[in-house]
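A short worksheet on the structure shown next.
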Amino acid sequence: MVKTKLMILLVCAMSWPLMSWGASDANANDTGMNGANVSNNSDSATITDIKQQLATLDLPQQRIDFLLQQLQQSAQWPIEQQGQLLHLLAIEQEVNSDLVAAIDSYTQAINLLTPHPLSQELVKSYLERSFILYLQTNDTQVYCPDREVAITLARQLGNVDILAEVLAQSAYCYNKPSDFGEGLKRLNEALALAQQHQLGLSRQAMIFNATAAIYRDNGLNRKAYEYFNKAYGFWEQAQDKQDMFNMLHNMVGESIKLAMWVENKAHLAQMQQLVEQSPEFADFDFFYQFNTGISCWAQGLFQEGIDHFLRALAVQDTTQEKYFVDATHAWLALSYFRQQQPNKAFKYAEIFSGSATYDGHSNELKLMIAAIIDYAKGSSNLGMNKLLDTIDLQKKNFANIINNDVVNSSLDHNLTVAEFNNRLLEKQLAINKLNLEAEIDSQKITNLSMAIAVLIALVLLVVVIFLWQSRRQFKRRSQTDYLTGIANRRHTFEQGKKRFYQAKKHNRSLAVIMFDIDNFKAINDHYGHDIGDLAIKACGRRARNWLKKNDILGRIGGEEFLIILPDTEQAQAVEIAERLRTSIESNQFVFNDVKMNFTISVSVAMLTPQTHELVDIIKQADLGLYQAKDNGRNQVVVVDH
């Protein structure tokens, strides 16, 4: 009888609406640094040459093999330069999902770089290592110490963008009611830097994402949903599908807690669409199935939820985030228990309780799973005590959430964000003004107080709060040039081939523009490689201004760029090329107090009926570029087939 009552109690308790959701990850960190902070020009040139050669390699494993070969030859290099090389290797290993090797390389880089003058690579190594530790453990005590070291170093380094990134990442370590104010303080500082220095869309989105995460962790779910939505808007402008997917993951969770089922359904549909449109992100399907399972659970559709959780486990090898794989086992255990299948529930509860990430999950979830295990083993009294412990823990969490310090801190932060948002609106950025009213927070507090009364009165109802941490899209690095932020050589050719075959299939026009910087070696020799890198970045930014949404811009060599223009006739392509050339020629660039002028040579080639592959057009454009150089540079040459 006692055993039967405990099962009924668990079933009733697990029907209570979810009040918590998994936290978003630390977001996509920038990985490429321009040049190297070394003590002399010859060392800098060596690292720069290595980076340029990396840009010519398409596959992550090819880049790893190349860097390992360089590392074997670096025994006589300065120690600092060896550390920078290890940092590059760690980045590529992380992109290739070899996280154990990446941690080892980041650690070696840190050990080599620490005794030398402070560098971006050292700060980034601490930050990236902390992210991998988060993926492996989801334990703030494990991954947050690196972020504290990183924030100290970032303040000394003086790089505004890196400091804003580290501040936002470190805020995740202060998500409890007791230190909620410190997390918001760091986000306020990051917002101030973003406002003062007009940082990019991704950096602003990261700050809003971190703000949403600590609001969510402190029960202010309406505000959390709004901030996740703001972050999604920024990443949508940047067309960052990885982080768009992350924000949809978070908004699904918040919409469940707020019973916003229309929005919930819409977000799941958006996730499914990204799964279909982005086969390069293999783990999207796992997280879509996981989120759909949670949504079914919250609406009482337990068998449908089980189906989706099982589909998630079927593709679990596509994700490195074992925390969520282990969480799927826990949800399957709870789902099977709701379906009156205790044996299957016990099977998945045992898997979860023995998982490597077990300690990183919420105490409430662990107590519920322990109660199922006790029930299956016939220890009904122990299971009952664990269930009552869950209620006591939930009451304590509610009390912490209602703490006035948390509310006051959140309202102060809302004012800071509102001021920042007003500045963004003045600069015509596409974000909505944040609501300054505190009514939503007050309403949330009232709802939480009523929930406590219901818990005490009924004793049978349990509210489960647990911490999920989502993931980021470091795979995007495999598509992006580390220096300019535009497409790298491999991604440019992959996407270019798709446009080429579409044009051939539908008998449409397609143009290719190739350009590079004139006398680039002279720029490096006269001003230094750091100025040369800035000139390359400036060309990439300027070229973006003349492109349509479906056009492709990529860096395919040291100072060489390729533009692929679908549905573009020759006259249009020549006009774009001439405008690009003129805009570079007529502009005086200022790089680190160095004023300089430079020019580019440009060639235009077209798809013809005789063209069989994209590489044929590129070869023609390359010949045109040589002709432009031979004719005196700073001109546009049209290649006639």
Side-chain angles (χ1 to χ4, degrees), residues 55-56 58 201 235-242 244 273-281 475-476 478-481 484-516 539-557 560-584 600-625 627-628 635-641:
T56 66
D58 294 335
L201 293 175
W235 272 312
E236 186 177 32
Q237 291 181 58
Q239 279 300 291
D240 186 337
K241 293 182 179 179
Q242 182 91 32
M244 288 167 61
Q273 186 177 25
L274 284 174
V275 170
E276 296 170 354
Q277 294 177 350
S278 310
E280 66 272 22
F281 298 115
K475 291 183 181 177
R476 181 170 176 263
S478 65
Q479 302 174 351
T480 305
D481 176 57
T484 61
I486 62 178
N488 60 18
R489 179 185 180 89
R490 179 184 63 81
H491 193 57
T492 301
F493 277 72
E494 285 179 355
Q495 296 300 312
K497 288 178 181 178
K498 292 180 181 179
R499 307 298 195 278
F500 173 83
Y501 291 129
Q502 289 174 354
K504 287 280 288 184
K505 179 179 179 180
H506 300 288
N507 197 26
R508 295 177 179 172
S509 59
L510 181 137
V512 168
I513 296 176
M514 184 178 290
F515 69 94
D516 70 0
C539 280
R541 288 195 301 267
R542 191 58 57 91
R544 283 194 183 112
N545 296 335
W546 310 110
L547 303 183
K548 304 185 298 296
K549 181 177 181 180
N550 202 35
D551 297 340
I552 300 170
L553 166 65
R555 180 183 174 210
I556 61 173
E560 193 170 32
F561 296 82
L562 184 68
I563 301 175
I564 300 173
L565 305 170
D567 298 316
T568 303
E569 301 295 341
Q570 185 180 79
Q572 296 174 294
V574 172
E575 181 180 359
I576 292 172
E578 186 61 37
R579 287 181 179 177
L580 174 59
R581 185 198 65 79
T582 303
S583 69
I584 297 293
I600 61 173
S601 295
V602 192
S603 67
V604 179
M606 299 297 299
L607 169 65
T608 68
Q610 292 75 36
T611 307
H612 300 293
E613 298 290 342
L614 175 66
V615 68
D616 298 332
I617 312 178
I618 294 175
K619 287 179 181 178
Q620 293 297 319
D622 196 36
L623 292 174
L625 197 57
Q627 184 179 344
Q635 58 186 273
V636 176
V637 169
V638 181
V639 180
D640 294 322
H641 295 273

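Basis for what follows: all heavy atoms, side chains included, without hydrogens, waters or symmetry-related copies. Because the structure is a prediction, the values reported are computed rather than measured.
- Counting only heavy atoms from C-beta outward, the side chains of Met514 and Ile556 approach each other to under 4.5 Å.
- Between Asp551 atom CG and Ile576 atom CD1 the span is 6.5 Å, to the nearest 0.5 Å.
- Here the side chains of Asp567 and Lys548 are not in contact, with every heavy-atom distance at 4.5 Å or above.
- Separation of atoms CD (Gln273) and OG (Ser278) is listed at 9.0 Å; rounding is to 0.5 Å.
- Not one N or O on the side chain of Thr480 forms a donor-acceptor pair closer than 3.5 Å with the backbone of Gly485.
- Of the possible polar contacts, one joining the Arg542 side chain to the Ser583 backbone as a donor-acceptor pair under 3.5 Å is found.
- Although no hydrogens or angles enter the test, the distance criterion places no donor-acceptor pair under 3.5 Å between the side chain of Thr582 and the main chain of Leu580.
- The distance from the CD atom of Glu613 to the OH atom of Tyr501 is 3.5 Å, given to the nearest 0.5 Å.
- Put simply, the side chain of Leu623 does not reach to within 4.5 Å of the side chain of Val639, judged on heavy atoms.
- Here the closest non-hydrogen pair linking Lys241 and Gln277 is NZ-O, 3.9 Å.
- Rounded to the nearest 0.5 Å, atoms CD (Gln610) and OG1 (Thr608) are 4.5 Å apart.
- Between Met606 and Thr568 the shortest heavy-atom distance is CE-O, 3.3 Å.
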task: Check the pair Gln635, Val637 against side-chain contact (heavy atoms from CB on, under 4.5 Å), reporting the backbone distance first and the verdict last.
output: CA-CA 7 Å; Gln635 58 186 273; Val637 169; 4.0 Å; yes
Chi angles and distances behind the side-chain contact (heavy atoms from CB on, under 4.5 Å) call for Val604, Glu578: CA-CA 10 Å; Val604 179; Glu578 186 61 37; over 6 Å; no
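- The two residues Ala628 and Ser601 come nearest to each other via the heavy atoms CB-CB, 4.0 Å.
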message: Test side-chain contact (heavy atoms from CB on, under 4.5 Å) on Ile564 and Gln495; report intermediate values, then the result.
response: CA-CA 9 Å; Ile564 300 173; Gln495 296 300 312; over 6 Å; no
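- Under the side chain to side chain contact (heavy atoms under 4.5 Å, CB included) rule, Val602 has a single partner from Val636, Val638, Ile584, which is Val636.
- The only member of Ile552, Thr492, Leu553 that meets side chain to side chain contact (heavy atoms under 4.5 Å, CB included) when paired with Ile486 is Leu553.
- Between Leu547 and Leu565 there is a side-chain heavy-atom pair separated by less than 4.5 Å.
- Nearest heavy-atom pair across Thr484 and Arg544 is O-NH2, 3.6 Å.
- More than 12 heavy atoms of other residues, nucleotides or ligands lie within 6.0 Å of CG in Asn545, so this atom counts as buried by the packing criterion.
- The shortest heavy-atom contact between Ser509 and Glu569 is OG-OE2, 3.4 Å.
- For Lys504 (side chain) and Thr611 (main-chain N/O), a donor-acceptor pair under 3.5 Å exists by modelled atom type.
- With respect to the salt-bridge test (charged N to carboxylate O, under 4.0 angstrom), the residues Glu494 and Lys498 do not qualify.
- Nearest heavy-atom pair across Ile618 and Phe493 is CD1-CE2, 3.5 Å.
- When each of Arg555, His491, Arg489 is paired with Asp481, the side chain to side chain donor-acceptor pair (under 3.5 Å) condition holds for Arg555 and for no other.
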- prompt: Checking side-chain contact (heavy atoms from CB on, under 4.5 Å) for the pair Val512/Leu607: CA distance, chi angles, key distance, verdict?
  reply: CA-CA 8 Å; Val512 168; Leu607 169 65; over 6 Å; no
